[in-house]
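Here is the structure we will look at.
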Amino acid sequence: MMKIKTPKKGRVKRELDKRAPKLVETGKKTLILQGTKTSGTLNCVLSEIYHLKKGGAVRFTRKNDNIRPFESGGETSLEFFSLKTDCSIFVYGSHSKKRPNNLVIGRMYDHHVYDLVEVGVENFKSIESFTYDKKIAPRVGSKPFIAFIGEGFENVDELKHLKEVLLDLLRGEVVENINLAGLDHAYVCTAISSNKVYLTHCALRLKKSGTVVPRMELVEVGPSMDLVVRRHRLPNEGLRKEAMKTAKDQPKKKVKNVSSDAIQGTIGKIYIPDQKVGEMALPNKAKGVKRERREAKNKEANEHASKKQKEESE
């Protein structure tokens, strides 16, 4: 029988609570690593992705010779690194004669490989190759726009899968509300053909339009590259169903004496017991009581004086 160890220190317990499954998941961390052989272009691509994901990514610069995501048994090290760093998305770069400048983007479920997309990088341009006003440079950690242009993202299975993976990779933390003034950059993905996508990173420049809504201009700030889809692997149906499970909405506890109306909104009833004001004991220092006593005293004095006058007249 296996012995289950429970954390004794509060710091360890808090760290385990952060990694535990949540009803509403926070932003996904990205693991960036490389194989035994890489090219200068691929190293630059991995560095640029790490720069764009700064604050939400972990970069391993050591070479890994036993990682082969598409082969059985080749994902063991990936799953170990995912568990160690608590990352649910990984980007793996390798270079060979058969597959030059190769990137494998994958998602993890319960620290096991969920799905994979393999792309080749072509026509890469780094951030340094773009000239622009540094005042409009995107801030680290800001929420981006993500635009997918082309019918291929709706019709071609490979591009549909690539779209899902790129969304998870680039969108950052999921939020309910967003400040439009904080939106300062956008990722634009254009489907050129059935297996090729042009990805570019742009900054947003706000200009006067004569109305309340400003006019937006896109300024390329890099990086930009062509992604050629080579291989992809979808999750099996059982794993997909398990990963897509959501917690059942718990029925709201009924609040007594509160009802909702489409016009008046929330209506509440307040029950107040009989106050019995007539039986309430008033304090002696009350102004009303003093006045009543004074009036009663004056009345008695007047009655006594009138009675005395009558007796004297008789």
Side-chain angles (χ1 to χ4, degrees), residues 22 24-30 32 44-57 59 88-89 91 103 105 107 117 119 121-156 159-194 196-229 262 265:
K22 300 176 182 63
V24 179
E25 291 290 343
T26 54
K28 298 180 179 180
K29 289 172 64 179
T30 305
I32 302 171
C44 192
V45 170
L46 295 175
S47 299
E48 302 276 309
I49 293 174
Y50 177 69
H51 176 73
L52 294 174
K53 297 280 296 179
K54 200 168 185 180
R59 173 80 193 274
S88 52
I89 303 176
V91 180
L103 272 184
I105 308 170
R107 295 182 288 182
V117 176
V119 295
V121 179
E122 296 179 357
N123 304 324
F124 174 72
K125 291 182 181 179
S126 64
I127 295 176
E128 286 76 13
S129 61
F130 291 88
T131 55
Y132 58 92
D133 186 5
K134 299 302 179 183
K135 291 181 180 179
I136 63 171
R139 294 183 294 274
V140 176
S142 60
K143 194 76 174 167
F145 276 118
I146 305 177
F148 292 92
I149 304 169
E151 295 181 356
F153 290 113
E154 304 295 331
N155 303 328
V156 183
L159 296 188
K160 285 168 71 175
H161 189 197
L162 180 63
K163 177 183 175 181
E164 291 179 7
V165 175
L166 287 178
L167 269 175
D168 268 354
L169 177 66
L170 301 174
R171 70 181 176 181
E173 190 171 348
V174 180
V175 295
E176 293 182 0
N177 300 318
I178 194 165
N179 185 4
L180 293 178
L183 293 170
D184 56 3
H185 64 125
Y187 296 103
V188 182
C189 306
T190 308
I192 301 172
S193 63
S194 60
K196 195 172 186 178
V197 173
Y198 174 65
L199 171 64
T200 184
H201 181 220
C202 302
L204 295 176
R205 178 183 286 169
L206 302 178
K207 293 210 168 184
K208 293 181 180 179
S209 62
T211 60
V212 179
V213 181
R215 182 168 60 89
M216 282 190 177
E217 285 187 358
L218 294 178
V219 180
E220 273 196 285
V221 297
S224 70
M225 66 193 87
D226 290 337
L227 301 177
V228 182
V229 181

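What you are looking at is a predicted structure, and each value in this text was computed from that prediction instead of being measured. Numbers here simply count residues along the sequence, with the first being 1. Because only heavy atoms are used, hydrogens play no part in the values below, and waters and symmetry mates are left out as well, while side chains stay in.
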- Message: I need the single residue from R107, K29, K53 that forms a salt bridge (charged side-chain N to carboxylate O under 4.0 Å, His left out) with D168. Which is it?
- Response: R107
- Residues at least two apart in sequence or cross-chain that pass side chain to side chain contact (heavy atoms under 4.5 Å, CB included) with S209, listed by chain then number, are T211, R215
- Identify, with sequence neighbours excluded, every residue that meets side chain to side chain contact (heavy atoms under 4.5 Å, CB included) alongside S194. V156
- Message: Show the nearest heavy-atom pair for residues L159 and S193, with the distance to one decimal.
- Response: CD1-O, 3.5 Å
- Taking all heavy atoms of S126 and all of C44, pick out the closest pair and write down the distance. CB-SG, 3.9 Å
- Message: Does any part of the side chain of V165, heavy atoms only, come nearer than 4.5 Å to the side chain of I89, both counted from C-beta?
- Response: no
- Task: Answer whether the closest heavy-atom distance between the side chains of L204 and L218 falls below 4.5 Å.
- Result: yes
Rounded distance (nearest 0.5 Å) linking atom [atom1] of [X] with atom [atom2] of [Y]:
{"X": "I146", "Y": "K163", "atom1": "CD1", "atom2": "NZ", "value": "10.5 Å"}
{"X": "I105", "Y": "H161", "atom1": "CD1", "atom2": "NE2", "value": "10.0 Å"}
{"X": "I32", "Y": "E48", "atom1": "CD1", "atom2": "CD", "value": "11.0 Å"}
{"X": "K143", "Y": "R171", "atom1": "NZ", "atom2": "CZ", "value": "7.0 Å"}
{"X": "S129", "Y": "E220", "atom1": "OG", "atom2": "CD", "value": "9.0 Å"}
{"X": "L206", "Y": "D184", "atom1": "CG", "atom2": "CG", "value": "9.5 Å"}

- Message: Within a 6.0 Å radius of atom NZ on K125, are there more than 12 heavy atoms belonging to other residues, nucleotides or ligands?
- Response: no
- Message: If you count every heavy atom of other residues, nucleotides or ligands that lies below 6.0 Å from F130 atom CZ, does the total exceed 12?
- Response: yes
- Could you go through the side chain to side chain contact (heavy atoms under 4.5 Å, CB included) check for L166 and Y187 one step at a time? CA-CA 10 Å; L166 287 178; Y187 296 103; over 6 Å; no
- Query: Excluding sequence neighbours, so at least two apart, what forms ring-ring contact (aromatic ring centres under 6.0 Å, His included) with F148?
  - Reply: F153
- Message: Holding to side-chain hydrogen bond (donor to acceptor under 3.5 Å, both in side chains), I want the full list of residues that pass it with H185, two or more places apart in sequence or in another chain.
- Response: S142, H201
- Taking side-chain hydrogen bond (donor to acceptor under 3.5 Å, both in side chains) as the test, write out the residues that go with N155, two or more places apart. none
Got a list of side-chain donor-acceptor pairs under 3.5 Å for residues 132-141, not counting sequence neighbours?
{"unit_1": "D133", "atom_1": "OD1", "unit_2": "K135", "atom_2": "N", "d": "3.3"}

